[in-house]
Amino acid sequence: MRKYPVQLGAAGLVLLTGCTVANSAPAAVPTVMQAVGSCHTFRTQLEMVQPSDIAPPVPCDRPHRSETFQVTSFEGQFATYPERPDPEQLHAYALDRCDVQVLRQYLGAGPRDTTSFSIWPRYPTRAEWARGVRTLRCDAVPPVREAKQGPLVAFPLRNVLKKPESSAVRDCEYGDMAVTCDQGHDREEVNAWLDLDGRVPFTDVQSAAAKVCKPFVEEFLHERLQRAPDLAIKAKTPGRDEWEKGIRTVKCGVGPAQPGTAIVGTLSGRAKGRA
């Protein structure tokens, strides 16, 4: 789940300070005043990849690109630097401070929920750093297949994985193509990666994978599979070459039992209120 934009370390800094005259950009919001639960959008790709963001937040029920799930601070020797470190150093520090488990709790993720959110950290501007500001903002960015599409979601992300609209941010597949679950798909990812017994013959790998995945898929569905005959376990297993090289890992999933059938929406029992 931990991803960062490859351009995070790009040189330069755009300060969205705004003005007070009519028809101008909105006034800036200092880093220290930004809070968990605020949502953000960006007018350009350049704004999106800047180290700092002091543009005012937008309502979370309007289209936005990211949402703040954690606000923490720079500490220790790193915080004593009189000048703000370069973006690469900031990025390395943020890797440990922006916590994936905090993000999962914010999203309302259960143990079997999987989603490909990115984490984008935001830092004080150079001027703020010089004044002693050491706030670190951690933003969640929903999965996106094409980053140029602009704003991604129009609903709050807090506890979203407990709601039906979470299909827009869950990991699914249609054939070999990765999609979000609000699109037609024939497999939904279940958060369970398991190793098969190495003594299993390759010809029995699929049945063995279905057996070990079953309790985790049922935990995800919050339902016994025997009560859902239209669904089937869809485990991704090693190919013969991988098996012969000693690879035994399977990835659990679930989808329609009828071959060639596509569905729209998540199968998560928590999202459907069965939890």
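Just so you know, these numbers use all the heavy atoms, side chains as well, and skip hydrogens, waters and symmetry mates.
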Could you pull out every donor-acceptor pair under 3.5 Å between side chains of residues 243-252 and any protein atom, sequence neighbours left out?
from   : atom 1 : to     : atom 2 : distance (Å)
Arg248 : NH1    : Trp243 : O      : 2.6
Thr249 : OG1    : Asp195 : OD1    : 2.7

Compare every heavy atom of Asn159 with every heavy atom of Gly108, then report the nearest pair and how far apart it is.
CA-OD1, 3.6 Å
Is it true that a side-chain atom of Lys234 and a backbone atom of Pro256 form a donor plus acceptor pair closer than 3.5 Å?
yes
Minimal heavy-atom distance between Ala168 and Thr180, with the atoms involved, is O-CG2, 3.4 Å
Test Thr125 against Ile54 for side chain to side chain contact (heavy atoms under 4.5 Å, CB included), laying out the working first.
CA-CA 8 Å; Thr125 66; Ile54 55 173; 4.1 Å; yes
Counterpart residues, side-chain contact (heavy atoms from CB on, under 4.5 Å), relative to Ser167 (two or more places apart)
Cys181, Asp182, Thr266
Please check if Val254 and Tyr174 belong to a single hydrophobic cluster, counting links between Ile, Leu, Val, Met, Phe, Trp and Tyr side chain heavy atoms closer than 4.5 Å.
no
Hey, mind stepping through Arg187 and Cys172 against side chain to side chain contact (heavy atoms under 4.5 Å, CB included) and telling me if it holds?
CA-CA 6 Å; Arg187 181 181 182 274; Cys172 284; over 6 Å; no
Check whether any side-chain heavy atom of Tyr106 lies under 4.5 Å from a side-chain heavy atom of Val36, and answer yes or no.
yes
Before accepting this row, confirm whether a basic side-chain N of the pair Glu128/Arg84 lies closer than 4.0 Å to the acidic partner's carboxylate O.
no
Kindly compute the distance separating CZ (Phe216) from CG (Leu221), expressed to the nearest 0.5 Å.
13.5 Å
I need the Asp113 CG to Arg270 CZ distance, nearest 0.5 Å.
5.0 Å
Decide salt bridge (Lys or Arg N to Asp or Glu O under 4.0 Å) for Arg97 and Glu75; before the verdict, give the C-alpha distance in whole Å, the side-chain angles of both, and the deciding distance to 0.1 Å.
CA-CA 10 Å; Arg97 297 292 289 173; Glu75 298 178 352; 3.5 Å; yes
Is there a donor-acceptor contact under 3.5 Å linking the side chains of Thr237 and Gln206?
yes
If you count the non-hydrogen atoms of other residues, nucleotides and ligands that lie under 6.0 Å from CZ in Phe155, is the total more than 12?
yes
When you compare the side chains of Thr80 and Gln77, does any donor N or O come within less than 3.5 Å of an acceptor on the partner?
no
Counting only N and O atoms by type, is there a donor-acceptor contact under 3.5 Å from the side chain of Asp86 to the main-chain atoms of Gln89?
yes
Between Leu90 and Phe78, is any pair of side-chain heavy atoms under 4.5 Å apart?
yes
For the hydrophobic clusters of this structure (ILVMFWY residues joined by side-chain heavy atoms under 4.5 Å, transitively), does one cluster hold both Val100 and Val160?
yes
Please find the pair of heavy atoms, one from Val58 and one from Pro63, that lie closest to each other, and give the distance.
CG2-O, 4.4 Å
Please determine if Arg137 and Asp139 form a salt bridge, counting it only when a charged side-chain N lies under 4.0 Å from a carboxylate O.
yes
Tightest non-hydrogen contact, residues Leu157 and Pro142, listed as CD1-CG, 4.3 Å
Working to the nearest 0.5 Å, report the span between CD of Gln34 and NE2 of His40.
6.0 Å
Plane angle bin for Phe74 and Trp129 - parallel if under 30°, tilted between 30 and 60°, otherwise perpendicular:
perpendicular
With a sphere of 6.0 Å drawn around NZ of Lys163, does it hold more than 12 non-hydrogen atoms of other residues, nucleotides or ligands?
yes
Are the side chain of Ser38 and the backbone of Thr68 linked by a donor-acceptor contact shorter than 3.5 Å?
no
Under the 3.5 angstrom rule, does the side chain of Gln70 hit a backbone N or O of Asp99 as a donor-acceptor pair?
yes
For Leu267, is there any backbone N or O sitting under 3.5 Å from a side-chain donor or acceptor partner on Glu188?
yes
Taking atom types as modelled, is there a side-chain donor on His64 or Ser66 under 3.5 Å from an acceptor on the other?
no
Would you mind reporting whether Phe69 and Ile119 have side-chain heavy atoms less than 4.5 Å apart?
yes
Would you compute the distance between atom NZ of Lys211 and atom SG of Cys213 and round it to the nearest 0.5 angstrom?
13.0 Å
Donor-acceptor contact below 3.5 Å, side chain Arg62 vs main chain Ala154:
no
Check: Glu189 main-chain N/O paired with Asp171 side-chain donor or acceptor under 3.5 Å:
no
Hey, are the side chains of Leu136 and Cys98 touching, using non-hydrogen atoms and a 4.5 Å cut-off?
yes
Testing the basics here: between Val217 and Ile233, what is the closest heavy-atom pair and its distance to 0.1 Å?
CG2-CG1, 4.2 Å
May I ask you to say whether Arg240 pairs ionically with Glu242, meaning some side-chain N is under 4.0 Å from a carboxylate O?
no
With rounding to the nearest 0.5 angstrom, report the CG to CD distance, Leu107 to Glu67.
8.5 Å
Heavy-atom side-chain proximity of Tyr123 to His91 below 4.5 angstrom
yes
Testing the 3.5 Å rule here: is there a donor-acceptor pair between the side chains of Arg65 and Thr41?
no
Given side chain to side chain contact (heavy atoms under 4.5 Å, CB included), test Asp186 with Thr261 step by step and report yes or no.
CA-CA 6 Å; Asp186 54 18; Thr261 300; over 6 Å; no
Flag side-chain contact, heavy atom, 4.5 Å: Met33 against Thr135
no
Take Val212 and Leu196 through the test side chain to side chain contact (heavy atoms under 4.5 Å, CB included) and record every step on the way to the result.
CA-CA 8 Å; Val212 297; Leu196 294 180; 3.8 Å; yes
Calculate, to the nearest 0.5 Å, the distance between atoms OG1 and CG belonging to Thr115 and Leu161 respectively.
6.0 Å
I'd like to know if the side chain of Arg112 reaches the main chain of Val190, judged simply by a donor and an acceptor atom lying under 3.5 Å from each other, with no hydrogens or angles considered.
no
Side chain of His185, backbone of Ile263: donor and acceptor closer than 3.5 Å?
yes
